[in-house]
Amino acid sequence: MVYVFGKAITNETLNRMEEYYGKTTTLKERAGVAMMMKNSEDKDVQVRQQVEKLMEKTGGREATICLIYNATGDTLTLVTYHDWSGQIGFTPYPPKIENGQWGVFLHVRNAATSDASSVGAVVYRGRNVAGEIRDWMQAWKNKKPNKAYSEIREIDHWSKDDGNRTWGLVYDKLNKSSIMNNEINEGGSSIVVIGNDPCSIFEAILMHPGADSLVSCSVL
């Protein structure tokens, strides 16, 4: 079952707001409203409830509950993913996350191995502040010490057939990162953070430059 929370924030959403009524709205305005409404309409409550349910199902074992919020002003679509250790759990990667929505998925340790860790990455495609298509990559390492890392690059940067060289570089940077990372590149921005428990929450906010001043990682 795919888990996304919140109503999509569209031009129609903005047109129902007093400050935008009767005005032409663009990607920039949609992105800004999505950031301001990150926790509106009980979205944060719904996400927290889902996190609690997933934690119960994992039984406290090694797993990463991943939360991605879309404040890019347009739809995010799944491009690819990569597992260094562990695998996707019983909640799959959302194929798309609309502007103003939270996407939630579970990444778990591989029970068939002795490596009790969850280390992976996922790539979503969206539009930067100029409306150009870019790819956002979010990576997590749930293996002490826990790490979080993010990059924004041209489309298909992480889909290259280069013998995993690109993913090897990401892994090196992930290991050199910390529990929080902020990326501003290619007209896009992201903030990622991970907890320190065996069953940890990884939170990523995908947005445009300048919006990070409005960010609060409130789910952790």
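What you see is a predicted model; the values in this text were computed from it and never measured. When a residue number appears, it is its place in the shown sequence, counting from 1.
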Would a 4.5 Å heavy-atom cut-off, applied to side chains only, mark [X] and [Y] as touching?
| X | Y | answer |
| --- | --- | --- |
| Val33 | Tyr20 | yes |
| Ile205 | Lys38 | yes |
| Ile152 | Glu186 | yes |
| Tyr81 | Ile88 | no |
| Asp44 | Trp102 | no |

Margin query: Does either side chain, that of Gln87 or that of Asp83, offer a donor lying less than 3.5 Å from an acceptor on the other one?
Written below: no
Next item on the list: Determine whether the side chains of Thr72 and Asn70 contain a donor N or O and an acceptor N or O closer than 3.5 Å.
Entry: yes
Could you tell me whether a side-chain N or O of [X] sits under 3.5 Å from a main-chain N or O of [Y], the two making a donor and an acceptor?
| X | Y | value |
| --- | --- | --- |
| Ser85 | Ser117 | yes |
| Asp172 | Lys176 | no |
| Asp74 | Gly126 | no |
| Asn142 | Cys199 | no |
| Trp136 | Ser189 | yes |
| Tyr93 | Thr80 | no |

Checklist line | Partners passing salt bridge (Lys or Arg N to Asp or Glu O under 4.0 Å) against Asp156 (at least two apart in sequence or in another chain) | finding: Arg125
Check: If you look at every heavy atom in Lys43 and Met37, which pair is closest and at what distance?
Finding: NZ-O, 2.8 Å
Next item on the list: Take Leu206 and Gln138 through the side chain to side chain contact (heavy atoms under 4.5 Å, CB included) test and state the conclusion after the steps.
Entry: CA-CA 9 Å; Leu206 280 56; Gln138 296 74 237; 3.7 Å; yes
In the hydrophobic clustering that connects Ile, Leu, Val, Met, Phe, Trp and Tyr at side-chain heavy-atom distances below 4.5 Å, which members other than [X] occupy its cluster, ordered by chain and number?
| X | result |
| --- | --- |
| Val170 | Val79, Trp84, Val119, Val123, Met137, Tyr149, Trp158, Trp167, Tyr171, Leu174 |
| Val129 | none |
| Ile155 | Ile133 |

Margin query: If you apply the rule side-chain hydrogen bond (donor to acceptor under 3.5 Å, both in side chains), what do you find for Glu132 with Asn128, and how did you get there?
Written below: CA-CA 5 Å; Glu132 301 162 332; Asn128 66 10; 3.0 Å; yes
Next item on the list: Starting from the C-alpha separation in whole Å, work towards a yes-or-no answer on side-chain hydrogen bond (donor to acceptor under 3.5 Å, both in side chains) for Ser150 and Asn181.
Entry: CA-CA 7 Å; Ser150 180; Asn181 179 255; 5.2 Å; no
Margin query: Consider side chain to side chain donor-acceptor pair (under 3.5 Å). Of Asn11, Asn99, Thr13, which one does Arg30 pass it with?
Written below: Asn11
Notebook entry, point to check: Among Gln101, Arg127, Glu98, whose side chain to side chain donor-acceptor pair (under 3.5 Å) with Thr75 holds?
Noted result: Glu98
Checklist line | Listed partners of Thr91 passing side chain to side chain donor-acceptor pair (under 3.5 Å), at least two apart | finding: none
Checklist line | All side chain to side chain donor-acceptor pair (under 3.5 Å) counterparts of Lys147, not counting sequence neighbours | finding: none
Check: Hey, which of Ser177, Ser200, Cys66 is the one that makes side-chain contact (heavy atoms from CB on, under 4.5 Å) with Ile194?
Finding: Ser200
Item checked: Ionic contact status for Glu29 with Lys23, cut-off 4.0 Å -> no
Check: Below 4.0 angstrom, N of the basic side chain to O of the carboxylate: do Arg153 and Glu183 qualify?
Finding: yes
